[in-house]
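Presented below is the structure to which this report refers.
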There are 2 protein chains.
Amino acid sequence: TLAAPAIAQENPKITWRMTSSFPKTLDTIYGGADDIASHVSSATGGNFTIQTFEAGEIIPGLQAADAVSAGTVEAAHTCSYYFWNKDPTYAIGTTIPFGLNARLSNAWFYQGDGNTLMNEFYATQGLYGLPAGNTGVQMGGWFRKEINTLDDLKGLKMRISGLAGSVIAKIGVVPQQDIATADLYSALDKGVIDACEWVGPYDDLKLGFQKVAKFYYYPGWWEGGTVIHAFFNLDKWNGLPKNYQAALTDACAFANTNMLAKYDVKNPQALKEIVADGATLRPFSQEIMEACFQAATGIYADISKSNASFKKIYDNQVAYKKDAYLWMQLSEYTFDTFMMIQQRAGKL
Amino acid sequence: TLAAPAIAQENPKITWRMTSSFPKTLDTIYGGADDIASHVSSATGGNFTIQTFEAGEIIPGLQAADAVSAGTVEAAHTCSYYFWNKDPTYAIGTTIPFGLNARLSNAWFYQGDGNTLMNEFYATQGLYGLPAGNTGVQMGGWFRKEINTLDDLKGLKMRISGLAGSVIAKIGVVPQQDIATADLYSALDKGVIDACEWVGPYDDLKLGFQKVAKFYYYPGWWEGGTVIHAFFNLDKWNGLPKNYQAALTDACAFANTNMLAKYDVKNPQALKEIVADGATLRPFSQEIMEACFQAATGIYADISKSNASFKKIYDNQVAYKKDAYLWMQLSEYTFDTFMMIQQRAGKL
């Protein structure tokens, strides 16, 4: 008997298109899409290929999820929170202010209820989603003047995206969300805005913000572990052979770890360059952090009143967060603290 | 023309055996081997199957690497540092005292020089290796009496494995490495040993140490991010079709993240149970940590004098460690610190 036809059937030639919400110049974050494509192709002997496109090449960056829902493209590499205006539940898929860090986010998605709950929601949007990249905790961004008190934030015009804009507006900042990436540097230079957040040292250095805003604040409390998702059109996903679904799942797992690894290797060098170029590093004060935390939890309570999907997933994540940050205080935190003390002392 | 034969050739039926160095009762760490096997099978439509065996089923746990080198089995799921007596370079593959945490370990392996350098060494041993699991920072273990000063450690008989035993011996501990896992509880109960380290709350709870040693110390400074490797016989790996190598690579990436996720979900619950059962949590003092750190760096300097392979890889990792722990002090550390303060205040 000839087994060949059955095997051939399992490995049909398929070509998909994946639109990214990021430009190729952001090689770290855009690279996640290329990782997925190249790994799936390799694992399927070139039978399942995915063409990747940067933002705007075939689909505008912020329309990626819609294009996948509609089946215009089969896949996107994007941030779920870009679509929070359609439904704030989208925001939880990426990260919400004072959410989980990258490691705990993986725990919640892979072994907690994250992937199951988010995909219950994504299914209502015609999507299937998998974590496929993470930036780690982002920086708090660039400020033209020093921010010492809550009063210093009042009336400050800051480019800050998504739900974080609503949070920081509650303490008096005037969020600016309509400035294109290409115009950010000039807006900051001319004082059209007083501050802007972007990602972290490696991506920020490319835009050169340190030349026009001296103070580089941390942490980016609104981005504790920013997840980049791979979204697939739900019907197309369900129609894939099981072995292709499996290859795609593992390719996303690889891309997920590899992106964070790339940031963790590239950010330290970029940070040194930024500081050498004159930037001053400053932590947000405890007073500011507390006020923002309170504003954020207030907003989550408000959204939960009217959005059952958000409430269900948010409550699940918070329950895990409480336990996780209890456990992380022991070995993880004390080990890292000790190592950082050695680092500062020049003993590593 | 018929394309089927070519496709069939890319997907030959292959069955491999993977021996684990762990018992099935440690479902978290043993589960990594099952993850690899099930994911590879799924991604190849069942054509490439890997049978998994627990420690001792076909190969004793601590002979896993030798069995793979010799080709007795094609693969193992084990810790590289178990074989440090053959060559201390093996230790770096897993973790060395005061090494990298789990996240930075991934960065070094995936995007630093870790995978390249370790595989240069593994190739001399007839092996190809990929990270395929991580426990995170382990606990410092169980002590029958409180340890406040360096003097309290003098003459203490402690079960502690590998290179960490040599480090802690330098400050007066008498390391015990010949006690089988099954006998640890009884040895601690009867005072044959004064202390023992194992993994962390989830695994430790199964052995019930809290019933016979009250003090549970942290952090396990000798296990900042313990990597579990998948080892493959080098010739067998090189003989695999490229698509099977790709599927196996991504399956290991999945297993790597999934194991840490499982620990991060299971450890918090286990910690609560352990404390409810009477354990007292204690951090090692700064004095003890500093003395151990000094002892460790002294040992690395000694090994480096006579082992070029160790020196090359160690120096590379240290260079990354210095940069990484500089960068991690900013957003990562301050975000986590703030979140832990909220956790303690009951505000999460």
Side-chain angles (χ1 to χ4, degrees), chain A residues 4-5 7-8 10-11 39 42-45 101 103-104 106-107 110-112 136-139 218-221 224 242-243 246-247 250-251 253-254 257-258 261-262 264-265 267-268 271 283 289 293 318 321-327 329-336 338-340 342-343 348, chain B residues 4-5 7-8 10-11 39 42-45 101 103-104 106-107 110-112 136-139 218-221 224 242-243 246-247 250-251 253-254 257-258 261-262 264-265 267-268 271 283 289 293 318 321-327 329-336 338-340 342-343 348:
Chain A
I7 294 170
E10 287 164 6
N11 294 283
H39 280 246
S42 296
T44 62
N101 67 20
R103 175 162 156 184
L104 299 181
N106 279 339
Y110 284 71
Q111 285 283 331
V137 183
Q138 297 192 5
M139 289 289 281
Y218 59 89
W221 44 262
K242 296 289 175 208
N243 52 329
D250 284 1
F254 181 91
T257 301
N258 202 40
K262 201 165 173 182
D264 285 342
V265 164
N267 273 331
L271 179 69
M289 294 284 285
F293 180 78
V318 167
K321 188 162 63 175
K322 285 178 183 168
D323 281 351
Y325 277 116
L326 167 70
W327 158 234
Q329 284 169 53
L330 300 185
S331 278
E332 288 295 335
Y333 193 74
T334 54
F335 180 82
D336 284 342
F338 181 82
M339 295 303 283
M340 289 171 191
Q342 305 312 308
Q343 196 279 337
L348 285 189
Chain B
I7 294 170
E10 287 164 4
N11 293 284
H39 279 245
S42 295
T44 63
N101 67 20
R103 175 162 157 184
L104 300 181
N106 279 339
Y110 284 71
Q111 284 284 328
V137 182
Q138 297 192 5
M139 288 291 281
Y218 60 89
W221 44 263
K242 296 288 175 205
N243 52 330
D250 284 1
F254 181 90
T257 301
N258 202 40
K262 201 165 174 181
D264 285 342
V265 164
N267 273 330
L271 178 69
M289 295 283 287
F293 180 79
V318 167
K321 188 161 64 174
K322 284 178 183 169
D323 281 350
Y325 277 116
L326 167 69
W327 158 233
Q329 284 168 52
L330 300 186
S331 278
E332 288 296 336
Y333 193 72
T334 53
F335 180 82
D336 284 341
F338 180 81
M339 295 304 283
M340 288 170 191
Q342 305 312 308
Q343 195 280 338
L348 285 189

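Per chain, numbering begins at 1; letters A, B, ... match sequence-line order.
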Of the listed L271(A), N101(A), D323(A), L104(A), the one with the largest count of heavy-atom pairs under 4.5 Å with chain B is D323(A)
Check ring pair (Phe, Tyr, Trp, His ring centres under 6.0 Å) between Y325(B) and all other residues, then give those that pass, not counting sequence neighbours. none
So which residue, L348(A), V137(A), T44(A), D264(A), ends up with the most heavy-atom pairs under 4.5 Å with chain B? V137(A)
Calculate, to the nearest 0.5 Å, the distance between atoms CE and OG1 belonging to M289(B) and T334(A) respectively. 6.0 Å
side-chain contact (heavy atoms from CB on, under 4.5 Å) involving Q111(B) - partner list, sequence neighbours excluded: N258(A), A261(A), K262(A), V265(A)
Ranked by heavy-atom pairs below 4.5 Å to chain A, first place among K321(B), M139(B), Q342(B) goes to Q342(B)
Pick from K322(A), H39(A), K242(A), R103(A) with the largest number of heavy-atom pairs that fall under 4.5 Å of chain B: R103(A)
Among A107(A), A246(A), G45(A), which has the most heavy-atom pairs under 4.5 Å with chain B? A107(A)
Could you tell me which of S331(A), A253(A), P283(A) has the largest number of non-hydrogen atom pairs under 4.5 Å with chain B? S331(A)
Report yes if some heavy atom in the side chain of Y218(A) is under 4.5 Å from a heavy atom in the side chain of F335(B); otherwise report no. no
For F338(A) and F293(B), take the angle between the two ring planes, folded into 0 to 90°, and tell me which bin it lands in: parallel under 30, tilted 30 to 60, perpendicular over 60. perpendicular
Which atoms of Q138(A) come close to chain B, meaning under 4.5 Å heavy atom to heavy atom: side chain ones, backbone ones, both, or neither? backbone
Between Y110(A), Y333(A), F254(A), which has the largest tally of heavy atom pairs under 4.5 Å with chain B? Y333(A)
